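Treat the numbers as computed from the prediction; the structure is a model and nothing was measured. Only this structure's heavy atoms are used, side chains among them; waters, hydrogens and symmetry mates stay out. One-based numbering, in listed order, for ligands and for the atoms of each.
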Amino acid sequence: MREGIQTTGIAIIYASSFGGHVAETAKYMAKELDADIFDLKKQTKINMTSYNRVIIGTGIHAGKPFGKVVSFVKDNKAVLDDKKTSLFICCMYMGDKGDAQCEKVSKDLGIPDAAYFPDKGETDENGVKKGVVSFIQRMKA
Ligand SMILES: Cc1cc2nc3c(=O)[nH]c(=O)nc-3n(C[C@H](O)[C@H](O)[C@H](O)COP(=O)(O)O)c2cc1C
């Protein structure tokens, strides 16, 4: 028997810029994870009650995550801290520079579980970035 409010869904909340990488990745993840998806450019107030997992997606401009993501995470800190929250970053840096940037952005946003997908990263035979596939698998667990 299950009682009370059930929170089993996944929400993907993202901001993308003119490159469209974040939007494309978020949409792919939403399809694979059967998740609900929210574009912070269209909506900044999101009721996260019915989700137990929240995935935040952003790009990086001049070392910083997109402003709409920074504001959203700041404004919803208590709720996000109460969920399984993960971060994905689309960026151009890879290797040590990419690792260091991801670590810094993850720390600054206060989301320890973070992964990044370089624009020119390795892709599989379906054109999907390898990191994205393993990230999705992890989100299913
Ligand atoms: C003006 C500008 C500045 C950028 N600065 C960085 C940066 O500091 N570090 C990085 O790794 N990528 C940087 N990038 C790459 C973007 O973060 C990357 O292309 C990302 O996929 C953008 O998201 P979008 O495609 O959804 O717009 C920059 C891109 C632009 C256009």
Can you tell me how far the [atom1] atom of [X] sits from the [atom2] atom of [Y], to the nearest 0.5 Å?
{"X": "Phe135", "Y": "Asp113", "atom1": "CZ", "atom2": "CG", "answer": "6.5 Å"}
{"X": "Phe88", "Y": "Ile55", "atom1": "CZ", "atom2": "CD1", "answer": "8.0 Å"}
{"X": "Ser106", "Y": "Ile56", "atom1": "OG", "atom2": "CD1", "answer": "12.5 Å"}

Counting only heavy atoms closer than 4.0 Å, does ligand 1 sit against the backbone of [X], its side chain, both, or neither?
{"X": "Ile60", "answer": "both"}
{"X": "Lys64", "answer": "neither"}
{"X": "Cys90", "answer": "both"}

Check your understanding: Under 3.5 Å, is there a donor-acceptor pair between the Asp99 and Tyr93 side chains?
Key ->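 Result is no, nothing qualifies.
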Practice item. For atom CG of Asp81, decide whether the heavy atoms of other residues, nucleotides or ligands shown that lie under 6.0 angstrom number more than 12. Key: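 Enclosed: over 12 neighbouring heavy atoms sit under 6.0 Å from CG of Asp81.
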Study note, to complete from the structure: Note: heavy atom closest to atom 27 (O) of ligand 1, options Ser17, Ala62, Ser16, Gly63, belongs to Ser17
**Study point:** Option nearest atom 12 (N) of ligand 1 (shortest heavy-atom distance, choices His21, Met92, Glu24, Gln101)
**Key:**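 Of the listed residues, Met92 has the closest heavy atom.
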Review point. Are the charged groups of Asp75 and Lys45 less than 4.0 angstrom apart, N to O?
Key: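 Result for this pair is no, no salt bridge flagged.
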Considering only protein heavy atoms, which is closest to [atom], and at what distance to one decimal place?
{"atom": "atom 22 (C) of ligand 1", "value": "Phe66 CZ, 4.1 Å"}
{"atom": "atom 18 (C) of ligand 1", "value": "Asp119 OD2, 3.2 Å"}
{"atom": "atom 29 (C) of ligand 1", "value": "His61 CD2, 3.5 Å"}

Exercise for review: Considering the heavy atoms of Gly20, write down every atom of ligand 1 situated less than 4.0 Å from one of them.
Suggested key: 24 (P), 25 (O), 26 (O), 27 (O)
Exercise for review: Would you mind listing which atoms of ligand 1 come within a distance below 4.0 Å of any non-hydrogen atom of Phe18?
Suggested key: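 Answer, ordered by atom number: 27 (O), 31 (C).
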Review point. Is the closest side-chain heavy-atom distance between Leu87 and Val105 below 4.5 Å?
Key: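 Leu87 vs Val105: side chains touch.
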Practice item. Please confirm whether Gly59 comes within less than 3.5 Å of ligand 1 when only nitrogen or oxygen atoms on both sides are compared. Key: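 Between Gly59 and ligand 1 (N or O atoms, distance only) the closest approach is not under 3.5 Å.
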Check your understanding: Looking only at heavy atoms, what is the nearest atom pair of Asp124 and Asn126, with distance?
Key -> OD1-N, 2.8 Å
